[in-house]
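Just so we're clear, the structure is a prediction, and the values are computed from it rather than from any experiment. Proteins come first, then strands; the chains are lettered A, B, ... in the order of their sequence lines, and each starts at number 1.
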Protein chains: 2
Amino acid sequence: MAYVLRVLQGSTEDTVFQALADPSRRAIFESLTRGEAAVKDLTARFELSQPAVSQHLATLRGAGLVESRREGRCVMYRVEPRGLQPLVDWITHYRAFWTDRVGRLERLLTELER
Amino acid sequence: MAYVLRVLQGSTEDTVFQALADPSRRAIFESLTRGEAAVKDLTARFELSQPAVSQHLATLRGAGLVESRREGRCVMYRVEPRGLQPLVDWITHYRAFWTDRVGRLERLLTELER
DNA sequence: ACAACACATAAGCCATGGCTTATGTGTTGC
DNA sequence: GCAACACATAAGCCATGGCTTATGTGTTGT
């Protein structure tokens with residue numbers, strides 16, 4: 001069922017990993033976590049051309065990590081929290097190998113849900 | 001301090017993201033979580049040539065996600081749990097944006113440590 | 001010692017990806 | 001309407017990456 005949902009959304013963890021593999025894209029994403037920003041702003045922060053930034057944003061958008069909204073002649077981009085979910089899910093699948101801290105977290109969750 | 005350690009280890013989250021970006025590499029990694037395996041075994045499981053598998057393993061090894069050990073004429077590969085830590089750290093940094101479930105986990109941790 | 005096995009590495013090929021410049025699409029203000 | 005701004009998209013270039021075949025390095029067994 002979760003699988004079906006993922007397929008319908010068209011996003012397995014594949015797109016997310018792919019999107020976050022690039023350092024510039026991660027930097028842009030991190031920058032957006034500090035608040036909504038226009039393409040112009042991001043272009044100013046990083047030493048990238050405007051098309052480069054737009055292309056990175058398109059990739060992040062395709063991975064569901066980011067959303068956009070028009071405001072006047074600017075396009076504001078913001079982080080889409082749920083976009084990280086596939087990554088969290090993937091990692092959670094290997095929680096057996098995590099460090100003590102995360103292991104403790106999982107144990108807590110189990111106890112909570114019981 | 002954590003930063004210094006990362007630099008000394010020579011591994012920011014960069015190598016890990018890079019290594020996990022490839023589907024074949026993730027598949028190999030996932031396969032290894034089910035237990036130690038030789039290159040020959042992995043080559044048999046996936047439809048990849050032996051050199052391809054070796055190269056993927058070398059990349060995973062470089063990212064600290066996997067370790068190797070000689071046993072006779074085979075080289076056994078196993079998952080290195082701590083290798084996922086940079087990824088967990090990176091995601092944890094954006095925990096503010098996580099879904100309710102993870103948010104609940106974090107709140108639990110905070111209460112626990114207090 | 002030699003053949004067979006298991007693996008790593010080298011070299012080359014081809015697809016992909018990220019960047020650039022150039023151009024198209026909206027939107028604002030005069 | 002028109003110029004200026006903000007952004008998206010197209011086209012092309014070049015580096016990178018993943019795969020292949022071919023070859024080198026160890027290890028086992030006879």
Side-chain angles (χ1 to χ4, degrees), chain A residues 10-32 35-80 87, chain B residues 10-32 35-80 87:
Chain A
S11 85
T12 45
E13 71 273 355
D14 214 288
T15 339
V16 180
F17 270 114
Q18 190 74 18
L20 294 177
D22 185 77
S24 303
R25 232 133 48 199
R26 278 201 308 279
I28 290 177
F29 179 83
E30 297 180 28
S31 187
L32 283 180
E36 222 178 20
V39 178
K40 172 195 163 75
D41 303 328
L42 297 169
T43 302
R45 293 179 200 172
F46 309 96
E47 292 185 356
L48 285 173
S49 67
Q50 174 264 314
V53 174
S54 285
Q55 287 163 12
H56 282 311
L57 287 170
T59 302
L60 289 171
R61 190 154 142 55
L65 289 166
V66 147
E67 281 188 354
S68 62
R69 171 180 62 90
R70 275 212 85 108
E71 183 169 333
R73 40 186 175 184
C74 298
V75 176
M76 307 300 291
Y77 279 84
R78 64 179 177 283
V79 166
E80 172 56 48
L87 195 58
Chain B
S11 85
T12 44
E13 69 274 356
D14 215 287
T15 339
V16 180
F17 270 115
Q18 189 75 17
L20 294 176
D22 185 77
S24 303
R25 231 133 48 199
R26 278 201 307 278
I28 291 178
F29 179 82
E30 297 180 28
S31 187
L32 284 180
E36 223 178 18
V39 179
K40 172 195 164 72
D41 304 327
L42 298 168
T43 303
R45 293 179 200 173
F46 308 97
E47 293 185 354
L48 286 172
S49 66
Q50 174 264 313
V53 174
S54 284
Q55 286 164 12
H56 282 310
L57 286 170
T59 301
L60 289 171
R61 190 153 142 53
L65 290 166
V66 147
E67 282 188 352
S68 62
R69 170 179 64 91
R70 275 211 85 109
E71 183 169 333
R73 40 186 175 184
C74 298
V75 176
M76 307 300 292
Y77 279 83
R78 65 179 177 284
V79 166
E80 171 57 48
L87 195 59

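- Side chain of B:R45 to backbone of B:I28: no donor-acceptor contact under 3.5 angstrom is found.
- For the pair A:E71 and A:R69, the salt-bridge criterion is met [side-chain N within less than 4.0 Å of a carboxylate O].
- Rounded to whole Å, the distance from CZ on B:R26 to P on D:dG17 is 17 Å.
- The shortest heavy-atom contact between B:A21 and A:Q18 is O-OE1, 3.7 Å.
- Minimum interatomic distance between B:A19 and B:L65 (heavy atoms only, all atoms of both residues): CB-CD1, 4.0 Å.
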Listed pairs, N/O of protein and of nucleotides 11-16 of chain D, under 3.5 Å:
none

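- Under the 4.5 Å side-chain criterion, counting only non-hydrogen atoms from C-beta, A:L42 is not in contact with A:L48.
- Note that OG1 of A:T59 is 7.5 Å distant from NE2 of A:H56, once rounded to the nearest 0.5 Å.
- Distance B:R25 CZ to D:dC19 P: 8 Å, rounded to the nearest Å.
- Where the helix from C:dA1-D:dT30 to C:dC30-D:dG1 starts and where it ends, the local axes point in directions that differ by 20°; five pairs per end, rounded to 10°.
- When all heavy atoms of B:L20 and B:R26 are compared, the closest pair comes out as O-NH1, 2.6 Å.
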Is there any protein nitrogen or oxygen under 3.5 Å from a nitrogen or oxygen in nucleotides 4-7 of chain C, and what are the pairs?
from, atom 1, to, atom 2, distance (Å)
C:dA6, O4', B:R73, O, 3.4
C:dC7, OP1, B:V39, N, 3.0
C:dC7, OP1, B:V75, N, 3.4
C:dC7, OP2, B:K40, N, 2.5

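- A sub-4.0 Å separation between OP1 or OP2 of C:dT20 and a side-chain N or O of A:S49 is present.
- Taking both residues in full, the closest heavy atoms of A:V16 and A:A63 are given as CG2-O, 3.9 Å, listed atom of the first, atom of the second, then distance.
- Between A:H56 and C:dC19 there is a side-chain N or O to OP1 or OP2 distance below 4.0 Å.
- Contact between the side-chain N/O atoms of B:S24 and the OP1/OP2 oxygens of D:dC19 is found at a separation under 4.0 Å.
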